[in-house]
Trainee: 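The structure that follows is given in the form of structure tokens.
The sequence lines fix the lettering, A, B, ..., with proteins before strands; numbering per chain opens at 1. Since we're looking at a predicted model, the values are computed, not measured.
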Protein chains: 2
Amino acid sequence: MNAAPASARNDKPAVVAAAMRVLADSGLPGLSMRRIADELDIQVSALYWHFPNKQALLAAVSAEIVGAGSAAGEMDAVARALRDRLLMFPDGAEIVSSSLALGLLELPARDDLATAAQAVGLDAAAAEVAADTVVHYVIGCTFHEQQRVHAAIVGAADASVDMTPAGIGTRPDGFEAGLAMVVAGVRAAAGAKK
Amino acid sequence: MNAAPASARNDKPAVVAAAMRVLADSGLPGLSMRRIADELDIQVSALYWHFPNKQALLAAVSAEIVGAGSAAGEMDAVARALRDRLLMFPDGAEIVSSSLALGLLELPARDDLATAAQAVGLDAAAAEVAADTVVHYVIGCTFHEQQRVHAAIVGAADASVDMTPAGIGTRPDGFEAGLAMVVAGVRAAAGAKK
DNA sequence: ACCTGAACACCGTTCAAGT
DNA sequence: ACCTGAACACCGTTCAAGT
């Protein structure tokens with residue numbers, strides 16, 4: 001066994017792990033600094049020794065959600081893999097979207113998508129645009145779907161909410177159909193280039 | 001002149017107008033029920049006579065942002081018009097995105113996009129998918145861009161923030177290039193159908 | 001029909017101080 | 001290196017009561 005410390009104190013990864021647990025069973029609305037601190041049986045203020053602010057902690061959570069490893073493959077495969085990771089945690093898309101926009105997160109899938117786009121015939125600049133476009137589509141679509149889940153939960157508690165408004169993407173296979181169109185657009189851009 | 005009421009009390013549109021003013025000069029983080037109440041010189045609790053909760057008020061704000069009128073035209077024109085409206089207010093894309101996902105907002109541009117997609121050769125079902133895909137792209141891209149503006153403001157105040165991380169869509173013309181790809185994808189889907 | 005006043009149960013963040 | 005305890009300046013929402 002490794003030398004156990006006298007008092008069991010927490011390090012950065014332990015704080016992130018606690019945050020993942022809170023996220024998993026309470027979602028983003030429940031992911032407060034106080035709830036995370038409670039999970040670790042420490043005071044809220046102690047969290048600020050590990051992270052300068054909540055956004056930084058959320059960025060670490062985001063990195064955990066999207067994972068570290070690069071996965072090669074065709075564009076749709078990479079897109080589906082990204083989506084699957086976002087779906088693993090409640091509000092995953094929203095958290096990642098915000099960290100990404102704030103410039104606090106590296107997205108491995110973005111490089112994978114750019115590589116796949118180049119393999120299909122795009123030059124470097126166009127491949128970046130293609131990667132960003134696919135990322136926006138995947139995150140936008142998944143974000144929307146996950147918020148809808150949340151609305152459904154609230155709606156179940158409060159039956160007065162109309163649960164079938166004329167909205168976007170009610171059926172889950174909308175993702176696949178839309179993705180096919182986006183990928184077809186990338187291929188078309190490659191074809192036009194030649 | 002129309003008969004002025006003895007005491008100048010507020011109706012629903014007045015509350016929304018106040019909210020738009022607060023949004024315009026403080027953004028979404030500043031758009032609290034208390035700030036809106038202050039803008040009208042009333043108590044916070046008075047707002048709950050007009051709207052059941054903050055989300056409902058935000059939905060009314062969203063409707064104001066996206067506008068009421070349907071605008072016919074090609075897909076890219078409709079997409080650009082939607083984007084322009086989202087850009088008219090700080091965090092416009094985020095607010096609209098959330099109202100949309102919660103099923104609290106009708107988006108006129110969605111119907112316009114579906115119509116345009118049918119005009120290009122898609123059947124009704126595929127046209128809906130195409131419309132949703134374009135909407136997701138426009139909102140995702142604009143949301144990202146607007147969050148980046150906000151990050152830049154925070155970054156300007158706190159110079160320790162790295163302002164040029166390897167992120168998505170730093171250049172504004174990324175929107176046009178990505179939109180072209182998405183629209184090309186829709187056209188490709190129409191071509192394949194024939 | 002529209003508003004007040006007060007309360008409840010929360011937030012993120014800071015800071016001096018402890019070990 | 002990691003945490004406590006207390007405070008500050010906020011939140012959204014509810015409710016009885018007023019006019």
Trainee: Starting at CE of B/Met33 and ending at P of D/dC10, how long is that distance when rounded to a whole Å?
Mentor: 18 Å
Trainee: In terms of side-chain heavy atoms of A/Arg9, which of C/dC3, C/dG12, D/dC2 is nearest?
Mentor: D/dC2
Trainee: Look at the side-chain N and O atoms of A/His50 and state whether any lies under 4.0 Å from the OP1 or OP2 oxygen of D/dC3.
Mentor: yes
Trainee: Expressed as a whole number of Å, how far does the C1' atom of C/dC10 sit from that of D/dA9?
Mentor: 13 Å
Trainee: Is a side-chain donor or acceptor of A/Gln55 paired with a backbone partner of A/Leu102 at a separation under 3.5 angstrom?
Mentor: no
Trainee: A/Lys54 has an atom NZ; how far is it from atom P of C/dT14, in whole Å?
Mentor: 14 Å
Trainee: Judged by each residue's nearest nucleotide on DNA chain C, which is more toward the 5′ side, B/Arg34 or A/Arg35?
Mentor: B/Arg34
Trainee: side-chain contact (heavy atoms from CB on, under 4.5 Å) with B/Glu94: which of B/Ile139, B/Leu28, B/Thr142?
Mentor: B/Leu28
Trainee: Nearest whole Å is fine: how far is D/dC11 C1' from B/Leu31 CG?
Mentor: 13 Å
Trainee: Whole-Å distance between D/dT14 P and B/Asn53 CG?
Mentor: 8 Å
Trainee: Distance check needed: D/dC10 P versus B/Asp38 CG, whole Å only.
Mentor: 11 Å
Trainee: Kindly assign one of parallel, tilted or perpendicular to the pair A/His144 and B/His136, based on the angle between their ring planes and the thresholds 30° and 60°.
Mentor: perpendicular
Trainee: What does D/dA17 pair with, Watson-Crick or G-U, if both distances are under 3.5 Å?
Mentor: none
Trainee: Does any residue of residues 42-49 of chain A have a heavy atom under 4.0 Å from DNA chain D, and if so, which ones, in number order?
Mentor: A/Ile42, A/Gln43, A/Ser45, A/Ala46, A/Trp49
Trainee: In whole angstroms, how far is the C1' atom of D/dC2 from the CD1 atom of A/Ile36?
Mentor: 17 Å
Trainee: Closer than 3.5 angstrom, by distance alone: can the side chain of B/Glu145 be matched with the main-chain N or O of B/Phe175 as a donor-acceptor pair?
Mentor: no
Trainee: Hydrophobic clustering (ILVMFWY, side-chain heavy atoms < 4.5 Å, transitive) - are A/Trp49 and A/Met33 grouped together?
Mentor: no
Trainee: If we call it a pair only when both distances are under 3.5 Å in a Watson-Crick or G-U wobble match, what pairs with D/dG12?
Mentor: C/dC8
Trainee: Flag the pair B/Arg187 and B/Glu74 as a salt bridge only when some basic side-chain nitrogen lies within less than 4.0 angstrom of an acidic carboxylate oxygen.
Mentor: yes
Trainee: For B/Ser70, is there any backbone N or O sitting under 3.5 Å from a side-chain donor or acceptor partner on B/Asp112?
Mentor: no
Trainee: B/Phe51 has an atom CZ; how far is it from atom C1' of C/dC3, in whole Å?
Mentor: 16 Å
Trainee: Between D/dC3 and A/Asn10, is there an OP1 or OP2 to side-chain N/O distance shorter than 4.0 Å?
Mentor: yes
